[in-house]
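Have a look at the structure below, then the notes.
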Amino acid sequence: MSYNIAIDGPAGAGKSTIARAVAKRMGILYVDTGAMYRAMALFMLREGVDPGDESRIDDKCREADITIRYEGDEQVVYLNGENVNPYLRTEEVGNMASATSARPKVREKMVELQHTLAAQSDCVMDGRDIGTCVLPDAQVKIYLTASSAVRARRRFDELEKKGQPCDLETIRKDIEERDYRDMHREHSPLCRAKDAILVDSSDMTIEEVIAHILKLCER
Ligand code: DC
């Protein structure tokens with residue numbers, strides 16, 4: 001049986017940075033499930049699908065073949081044979097992913113892929129429903145969060161560094177709306193699993209969070 005660590009939490013809590021670092025230090029795989037939903041969202045955007053058109057999303061998702069390969073330390077997402085990693089981290093794709101990931105047909109497809117990866121390798125998997133739905137038997141479950149003000153500030157700094165113009169209040173509003181959608185959707189909403197350990201990173205540095213999680217895994 002493989003060793004799995006599940007990290008869930010809202011957008012901008014630092015899940016991917018922390019999950020990647022924990023995986024690297026433990027010498028196991030990092031599985032970024034958000035990137036899979038983002039690849040599906042990119043497909044929908046390219047096809048001109050309206051985020052509110054549920055039946056079209058259900059229909060279209062059958063045409064998207066999403067696979068994962070590991071190239072060095074990097075998880076590479078292929079959408080119908082194309083490496084789409086460079087297109088996944090935009091606000092537009094993130095917002096579309098929040099809408100399309102609410103559809104059970106989309107989730108079914110992605111969860112199947114996640115089960116295969118987790119069964120094949122020891123891994124740290126991050127997302128919204130990993131501890132609750134995808135890997136309910138994960139050996140360690142973390143619910144990583146931070147206040148929306150802190151998360152918005154981190155995202156703002158990140159975008160500024162990249163030279164992308166942005167507005168702090170707009171980012172904060174976007175984050176709060178996405179939290180609401182992710183937490184209130186009918187299927188696999190974001191919530192803390194009963195046996196997940198709560199880690200609030202609002203007043204912690206990345207290094208502190210990584211060290212804390214590594215300690216929890218040692219136990
Ligand atoms: O973590 P992220 O920002 O890359 O995720 C993008 C969207 O995908 C997010 O709004 C919710 C959705 N998602 C999900 O529903 N389930 C997951 N396991 C991971 C992400």
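Just so you know, residue 1 is the first one in the sequence shown, and it goes up from there. Values below: every heavy atom of this structure, side chains too, minus hydrogens, waters and symmetry copies. Both ligands and their constituent atoms are indexed starting at 1 by order of listing.
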Identify whether the distance between the nearest side-chain nitrogen and carboxylate oxygen of Lys161 and Glu158 falls below 4.0 Å.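 Looking at Lys161 and Glu158, the cut-off is not met.
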
If you measure from the Lys or Arg side-chain nitrogens to the Asp or Glu carboxylate oxygens, is any gap between Lys173 and Glu177 under 4.0 Å? yes

Identify each donor-acceptor pair in which a side-chain atom of residues 210-218 lies under 3.5 Å from a protein atom, sequence neighbours left out, and give them as a table.
none

For residues 48-57, the salt bridge (Lys or Arg N to Asp or Glu O under 4.0 Å) pairs (sequence neighbours left out) are Glu54-Arg103

Which protein residues have a heavy atom closer than 4.0 Å to any atom of ligand 1, listed by chain and number?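 Lining ligand 1: Thr33, Gly34, Tyr37, Arg38, Arg89, Ala97, Ser98, Ser101, Arg107, Gly127, Arg128, Asp129, Ile130, Arg178, Asp182, Arg185.
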
Is the positively charged end of Arg151 above the ring of Phe156, judged by distance under 6.0 angstrom from the centroid and angle within 45° of the axis? no

Tell me, please, which residues at least two apart from Lys15 pass salt bridge (charged side-chain N to carboxylate O under 4.0 Å, His left out).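 If we apply the salt bridge (charged side-chain N to carboxylate O under 4.0 Å, His left out) test to Lys15, skipping adjacent residues, there are no hits.
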
